[in-house]
Amino acid sequence: MTIPTSSIEQVIPAQGAMAQPETGKPTKAKRQRFRFVANKKAATGLVILGIYVLLAIIGPWIAPYDPGARGNDLVQPPSTEHWMGTTHLGQDVFSQLLTGTRSVMFVGFFAGIVATVLSVLIGVTAGYVGGKTDEALSAISNVFLVIPALPLIIIITSTLESAEDWLIALVIGLTSWSWNARVLRAQTLSLRRRDFVEAARATGERTWRVIVFELLPNLTAVIASGFVGTVIFAVLSEITLAFIGVTSATTWNWGTILFWAQGQQALAQSAWWWFVPAGLAIAILGTSLSLINFGIDEFVSPRLRSAGKTKLKTADGKTVRMRIGFTPVLNNSAAPHTHATPTPVVPTPVAPTPVVPAPADPQQKEVAP
Amino acid sequence: MKYFLQRLAFYLFTAWAAVTLNFFIPRMIPGDPVQSLVTKYQGQLSSQAIEALYVLFGLDKDANIWQEYVAYWKQLFSGDLGLSFTFFPTPVSEIISSSLPWTLLLVGITTVISFFLGTGLGILAGWRRGSWTDGLLPVTTFLSSVPYFWLGIIAIYLLTGPDSFFPSSGGFDSGLVPAWDQYFIPSAIQHSLLPALTILISSVSGWILSMRNMMVTVASEDYITVAHAKGLTDRRVAMSYAARNALLPNVSGFALSLGFIVGGTLLVEIVFSYPGVGFQLFQALGASDYPLMQGIFLIITISVLVANLLADIAYLLLDPRTRKEG
C-alpha cells in the first residue's frame with residue numbers, strides 16, 4: 001500500500017448506497033445488512049483474514065515443533081518431516097511461521113486501533129468544532145503526514161530499551177494516524193451542514209451526542225477503511241523493523257524469519273524455502289486487507305465496481321464500448337452525424353404539448369435516430 | 001503566489017517540528033543511555049566517542065533544556081551533525097554527503113518513472129473499464145502488498161548469479177574508484193538496475209490504483225458527457241478532460257506516498273548493500289550509532305520536504321484555481 005487504496009475521500013457516504021431510503025418491509029432491511037459481505041472482493045478478503053486470525057490464536061499450539069528448538073537437519077529443503085524446510089540451526093520454518101502469526105496480527109490490530117481512535121478524535125473534532133482548533137489540529141496532522149513515517153519509527157524504536165510487541169504497536173499507531181484524520185475531517189466538514197445534524201443541534205443536543213449518534217454512524221465506512229489501511233501499514237512496518245534487527249530477535253514473527261535468512265546467507269545457499277513462505281504470508285495478508293478495503297470503497301461508491309463486459313459487437317461487426325451515463329451511437333448510416341439535417345415536421349396527434357419543455361437528457365441526445 | 005508562500009511556511013514549520021523531535025527523542029530515553037552503551041561495548045569506545053555521546057544526549061553539563069536547544073540549532077546551522085562513532089572521528093555530515101547522492105538518484109529517477117508509468121496505466125485502466133486492463137487490478141493489489149525488501153530478495157535469488165548480467169550487491173565494481181569516467185558510470189548504472197526495478201515494481205501499483213479510481217469517478221461527471229456530445233475525439237476527452245482533472249488528487253497524494261517510497265527504498269538499499277543512506281542507516285543501527293541515525297533521519301525528512309515543495313509547484317501549474325488571487 002504505497003498509496004491509500006481507498007478513494008473514499010471523494011465520495012460522501014450518505015450519497016452512496018447507504019443513503020437509500022428505508023422503504024419496504026423489515027425483511028428487506030434485514031437482507032441489506034449483509035450486503036457488504038455479498039460483495040465478492042470483500043467476502044474473499046474477510047475469509048482470508050479469518051484464517052489468519054484463527055492461525056494467530058491457535059498457531060503456537062498446532063505448530064509441530066518448538067520454533068526455537070535446534071535440530072540435526074541443517075538447511076534442509078521441504079520434506080514430509082519439515083513441511084517448509086529447516087534453518088541454519090535446524091529449526092522448523094513452518095513452526096516459526098505459525099508461531100509468528102500471533103505477533104504480526106497483534107501488532108497490526110493494536111496499532112490499527114490506536115491510530116483509528118486517534119484519527120477519529122482529532123479528525124472529527126477538527127472538522128466539527130472548526131476555527132482555531134481546526135487549524136491547530138490540521139497543522140499537527142499535516143506535519144505527521146509529511147514526515148516519513150518509517151524512518152521516524154526506526155529512530156524511536158531503536159532508542160527503546162526493550163522493544164516489545166505492544167510498545168512497537170503503540171509507536172506505529174502514534175505515528176500513522178494522520179492520513180485517516182485528514183480524510184475524516186473532510187468528511188465531517190461535509191456532514192456538518194446537513195439538515196439532520198443541524199436539526200439535532202437545534203433541538204439542543206450536546207456536542208458529544210451529536211458527534212457520537214449523528215456523525216459517527218455516517219462515518220463508519222470511512223473509519224473502517226482507514227482502520228484496514230493502518231493494519232496493512234502496521235504489519236509491514238513491524239516486519240520491516242524485525243527484518244533490520246531493531247526489535248528483539250527472540251519473539252518470532254515473519255520479519256524475524258527473514259532477518260535470520262538474510263543474516264545467515266540463505267540466498268547464497270539457495271535456501272528459497274527459508275524466505276519465500278514468510279514473504280508470501282505477508283503478501284497474502286496484505287492482499288486480503290486491500291480486498292476488504294476495495295469492498296468498502298465499492299459499497300460506498302458503486303461507480304468503482306468493475307464494469308464487467310462493456311464492449312459490444314454490433315450487427316455489422318463494429319465494436320462499441322459502453323460507458324456510464326452514455327449510450328453509444330450505433331452508426332448505421334454512411335454519413336457522419338456531425339451536421340444537423342432538417343427533420344420533416346410530423347404533427348403528433350395524440351400527446352398534447354407540455355407547457356414546460358422537458359429537461360434535456362444527455363442519454364437521449366446520443367441515441368441514434 | 002499566496003498559496004505557494006503558505007505551503008513554504010508550512011514546510012518550514014514541519015522542518016522545525018522534525019528538528020525538535022530529533023532533539024527530544026534521545027533525551028526521552030530513561031536512565032543513562034551512554035553508560036549502557038559503554039557497558040555494551042566493554043571498553044571498545046574511545047574516551048572521545050564517550051564525550052561526543054554525552055554532548056549528544058545532553059548529559060554533559062547542567063545547562064537547562066532551553067540553552068541546549070539553542071545550542072543544538074546553532075550546531076545545525078553550521079552544518080555540524082556530530083561525530084559518528086562507528087567511523088570515529090568522521091563527522092556525520094561527511095558520511096551522509098558521500099551516501100546521499102546514491103539514494104537521491106535512485107529514489108528520484110525511479111519515483112518519477114513510476115509516477116508517470118503508473119498514472120498512464122491508471123488512465124488506461126480507468127478509461128477502458130471492462131477491457132483487459134481490469135486484469136491489472138488483482139496483480140497490482142498483490143504487488144502493492146509485497147514488502148519492498150522481500151521483492152529485492154526474490155530478485156536477487158532469481159536474477160543474479162555467478163554469470164548473470166545483474167550484480168547482486170554494491171553500487172559499483174569493487175575495483176573502481178568513484179569518478180565521472182567511462183568505467184565508473186556504466187558500472188554504477190548496471191548495479192542500480194535491479195534495485196531500481198524492485199522499487200519500480202512495488203511502487204507503480206499504488207499510482208495505478210489511485211489513478212484508476214479517480215478516472216472512474218471523473219468519467220461520470222457531466223462535463224465529460226458534454227465533451228463527448230461536442231463530438232471531440234475519445235482520446236482528447238480522455239486526456240484533456242478526464243485525465244487532467246483526475247490527476248490533481250494523485251499529485252497532492254504525492255506527499256504521503258513519497259515518505260512511504262523513501263522508507264521502502266532504504267530497505268531495498270539494505271538488501272542490495274547499495275551504498276546509499278539506507279545502507280548507512282542499517283550499519284548505524286547495528287552499531288547503535290545514534291548521531292549517524294539522527295543525522296540520516298533529519299536529511300531524509302528535509303529531502304522529502306523539498307520534494308513535496310516541488311510537487312506543490314507542479315500542482316500550482318496544473319490547477320489554475322490555486323493561482324487565482326483571493
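Lettering follows sequence order; numbering is per chain, from 1.
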Counting heavy-atom pairs under 4.5 Å with chain A, which one of Phe10(B), Phe297(B), Phe142(B), Trp150(B) comes out on top?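 The option with the most such pairs is Trp150(B).
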Below 4.5 Å, heavy-atom pairs only: which of Asn22(B), Leu305(B), Thr301(B), Ile154(B) has the largest tally toward chain A?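 Highest number of heavy-atom pairs under 4.5 Å: Thr301(B).
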Ring centres under 6.0 Å, that's the criterion: do Tyr157(B) and Phe275(A) meet it?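 Close enough - the centres of the two rings lie under 6.0 Å apart.
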Contact class of [X] relative to chain A, heavy atoms under 4.5 angstrom:
X	result
Phe282(B)	side chain
Ile153(B)	both
Val271(B)	both
Phe149(B)	side chain

So, do [X] and [Y] sit near enough that their side-chain heavy atoms are less than 4.5 Å apart?
X	Y	result
Val262(B)	Ile300(B)	yes
Tyr241(B)	Leu232(B)	yes
Asp234(B)	His228(B)	yes

Side chain, backbone, both or neither: which part of [X] has a non-hydrogen atom closer than 4.5 Å to chain B?
X	answer
Leu280(A)	both
Leu258(A)	side chain
Val276(A)	both
Leu152(A)	both

Of all of Ile244(A), Val235(A), Leu150(A), Ile239(A), which one pairs up most often with chain B through heavy atoms under 4.5 Å apart?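 Of the options given, most contacts go to Ile244(A).
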Let's test your reading of the structure: which of Leu291(A), Thr240(A), Ile156(A) forms the most heavy-atom pairs below 4.5 Å with chain B?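 That would be Thr240(A).
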Looking at Leu117(B), Thr265(B), Ile261(B), which hits side chain to side chain contact (heavy atoms under 4.5 Å, CB included) with Ser203(B)?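 Only one of Leu117(B), Thr265(B), Ile261(B) forms a side chain to side chain contact (heavy atoms under 4.5 Å, CB included) with Ser203(B), namely Ile261(B).
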Passing candidate, side chain to side chain contact (heavy atoms under 4.5 Å, CB included) with Thr198(B), options Leu151(B), Val146(B), Leu267(B), Ile156(B):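 Of Leu151(B), Val146(B), Leu267(B), Ile156(B), side chain to side chain contact (heavy atoms under 4.5 Å, CB included) with Thr198(B) is met by Leu151(B) alone.
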Can you list everything that forms a side chain to side chain contact (heavy atoms under 4.5 Å, CB included) with Ala246(B)? Sequence neighbours excluded, please.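 Ala246(B) satisfies side chain to side chain contact (heavy atoms under 4.5 Å, CB included) with Met211(B), Met214(B), Met215(B), Val218(B) only.
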Indicate whether the side chain of Asn180(A) and that of Thr230(A) have a donor and an acceptor atom separated by less than 3.5 Å.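 Asn180(A) vs Thr230(A): donor-acceptor pair found between side chains.
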